[in-house]
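The first residue in the sequence is number 1, and the count goes up from there. Keep in mind it's a predicted model, so treat the numbers as computed, not measured.
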Amino acid sequence: MHPAGLARWLPLLLFLTTCGGGGGSVGPEGPLLAVTGVGSFGDVVVGDLSPTTTWTIANEGDQDLIVDDVRLAGSEAPSFTMAAGTWPQVLGPGSMLQCELGFAPMTEGPVAADVEVISNDGGVAGTSRRILVQGVGVPPPPIHFVDATLEAGLMAAHAGGARSGQAFADVNGDGWLDLYVTDSDGPDTLYINQGDGTFLPGPQVFDTPNTSAAVFADYDNDGDPDLYVADVGQDHLYRNDGGVLVDVALQAGLGEVNVADGRAAAFGDYDGDGDLDLYVANHSGFWPDVFYRNEGDGTFADVTTLLTPTPLGLCFAVSFVDYDDDGDLDIYVTNDRLGIGDARPWFRRNLLYRNDGSGPGGWVFTEVAESVGADLWIDAMGLAIADYDLDGDLDMALSDTEDQALLRNEGDGTFVEVADASGVQRPGIFWGTVFADFDLDGWPDLYMATNTEGNGCWRNLGAGMFEDVSEASGAADSRASYGVAYADYDRDGDVDLVVCNGGTGYRLYRNTANPDTRWVGVRLVGSGPVNASAIGARVTLELSDGRSILHEIKSGSSMGSGNDLGLRFGLGDAEPVRLRVRWPDGLLEETTTVPKGTEIVWAYPTP
């Protein structure tokens, strides 16, 4: 048979027997070895681990079978894995021993090895039996993740429900991104990145049994990331004091204002004064969301009255975004219509507050969602923002209980819903949502968490089209998923995912894109008139093939999640030509020296 046909072999079923006597024998004499259940694993992506198969060693004789050793043999044995056993073991007549075997191909193509069993089969000590196992290593698809939860040591629990929060930031300043995760009925956990692909729970204890959203940003401009965590009742603002998170919500004027069920939060400098303001979204039966202005002295003031109409607490996701590219941050609020489809009151549709700047009566926001085509009437849960079609403006993807939505920015301040036409559609109840270039080809891809039929992953094919690659991606988590956040936690150049599964815990999906130098990283540091996190800055990378990739730095969105504020640009087969930064205060800078395969740290110029 041609080697390529190995992938199609039927599972091998071997009964290896030895018995004394000829045709007139009335029964076996001595120990008699039988092995069942070892065979072909079929196709497995190189670097992945197949589900293990259980196989059995049985003693079909009338005397003890002594199994001295079970091991893998042959030149291709390293592609297979075997559960550790303790040898020798004695199997009495009629008894059996179960073993586990896995397949983790190291190269492409068909591979084979032997399971060698050394025993006293037939009463002869040291008898060796070899049982063939085989599989085929296949190349990974363009977008491919590996479940790295166990290898990374991410063992956080989650009691259940749609209250999830996950956020990345370098809390202790060692250059590696740490991870904070919430629990809907138990303490939160800050996992410290060890720099070797693993995390360890930090020593700090967070007695926060009803938390959801988690978002990092440097609200006090002291150079380290602080943390906002939403709760049922009093929320938490953790000031970072040398890697220790100190809850200062009450001192900052936050804890006693928002006492509803917070589900999302986002930071952004709406008034351009150089410090970060805060929007907290509630989903608590018409208790209003709360909008805070940063006073610059460590405290916040409630300025929710600037938003008319007042968003009435039906929100799962919110983001500051300069949708009209006029240099200031607008606010997009997603709302849950609560399954009601007859009427369209303003508090059950999505809201877009256009930032119109300072006016005679104070700062001016104008709600324009209906006039610009962004007033979606859906059970909106997740929100992701990116320039998915590379036309120089920011588009928005939203998850829903029925139909996903993709709002294409027309560049004139209006949006058109194009999910069906773009191939972004699948039945299910979807929640957290992110845009990121998973395959590093220069086009932002899309990922959505769902609690129904496996998470969705859509590969951006360019020309405004997406392909559903959920199953092949390796991240089609079949559990009840709600939150999702992204970051390059292992600093290899590609974007990884952490997903919250209600009632189960968190899963870490490591991207296997093998980026080499097909990427450019950018991390901005603000100062003076620009907030230290540089939220609101726009970064554009021009490529040798004529494409321009736009990112706007933002916190929040997805659904109660904090993505890393560092940027990752995929290059595909192109070369980087020019990198441009538009800082939040309008300052423009650019460079034509753009190294590949590394992260550029770009600081706001000091006088």
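Separating the NE2 atom in His551 from the OG1 atom in Thr540 is a distance of 9.5 Å, to the nearest 0.5 Å. Considering CG of Leu278 and CG of Asp269, their distance stands at 12.5 Å, rounded to 0.5 Å. Rounded to the nearest 0.5 angstrom, Arg163 CZ and Tyr482 OH are separated by 12.5 Å. Remark: Tyr279 OH to Leu307 CG distance equals 6.0 Å, nearest 0.5 Å. Atom OH of residue Tyr388 and atom CG of residue Asn409 lie 10.0 Å apart, to the nearest 0.5 angstrom. We find the CD-CZ distance between Glu367 and Arg349 to be 4.5 Å, quoted to the nearest 0.5 Å.
Classified by interplanar angle (parallel below 30°, tilted 30° to 60°, perpendicular above 60°), the ring pair Phe300/Tyr219 is tilted. By the 30° and 60° cut-offs, the orientation of the rings of Phe216 relative to Tyr180 is perpendicular. The aromatic rings of Phe365 and Phe291 sit perpendicular, their planes meeting at an angle over 60°, well past the 30° parallel limit.
Checked for salt-bridge contact, Arg582 and Asp322 meet the test: a charged N lies under 4.0 Å from a carboxylate O. We find that Asp564 and Arg523 are joined by a salt bridge, their nearest charged nitrogen and carboxylate oxygen being less than 4.0 Å apart.
The side chain to side chain donor-acceptor pair (under 3.5 Å) test with His283 is passed by exactly one of Asn335, Asp336, Asp261, Asp289: Asp336. Considering Leu394, Leu398, Leu352 in turn, Leu398 is the only one that fulfils the side chain to side chain contact (heavy atoms under 4.5 Å, CB included) rule with Leu407. Paired with Arg568 under the rule salt bridge (Lys or Arg N to Asp or Glu O under 4.0 Å), one option of Asp488, Asp492, Asp437 passes, and it is Asp488.
Here the shortest heavy-atom pairing between Val333 and Cys315 reads CG1-SG, 3.8 Å.
Under the rule for a side chain to side chain contact (heavy atoms under 4.5 Å, CB included), the partners of Ser371 that lie at least two apart in sequence or sit in another chain are Val368.
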Under the criterion salt bridge (charged side-chain N to carboxylate O under 4.0 Å, His left out), I'd like the reasoning laid out for Arg538 against Asp325: C-alpha separation, chi angles, the key distance, then a yes or no. CA-CA 10 Å; Arg538 287 194 166 198; Asp325 194 18; 3.1 Å; yes

If you apply the rule side-chain hydrogen bond (donor to acceptor under 3.5 Å, both in side chains), what do you find for Tyr447 with Asn455, and how did you get there? CA-CA 8 Å; Tyr447 184 89; Asn455 296 347; 2.8 Å; yes

For side-chain hydrogen bond (donor to acceptor under 3.5 Å, both in side chains), just list the numbers for Asp231 and Thr211, CA-CA rounded to whole Å, side-chain angles, deciding distance to a tenth of an Å, and then say yes or no. CA-CA 4 Å; Asp231 204 332; Thr211 49; 5.8 Å; no

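A side-chain donor-acceptor contact under 3.5 Å links Ser561 and Gln166. Residues Asp235 and Tyr228 bring a donor and an acceptor atom of their side chains to less than 3.5 Å of each other.
You'll find the side chain of Tyr332 stays beyond 4.5 Å of the side chain of Tyr323, heavy atoms only. In this structure, Ser557 and Asn563 have side chains that are in contact, with non-hydrogen atoms separated by less than 4.5 Å. Phe168 has its side chain out of reach of Asp496: every pair of non-hydrogen atoms, C-beta onward, lies at least 4.5 Å apart.
Heavy-atom neighbours of Asp207 CG from other residues, nucleotides or ligands within 6.0 Å: at or below the threshold of 12.
Panel note: side chain Asn294, backbone Leu276; a donor-acceptor pair is recorded below 3.5 Å.
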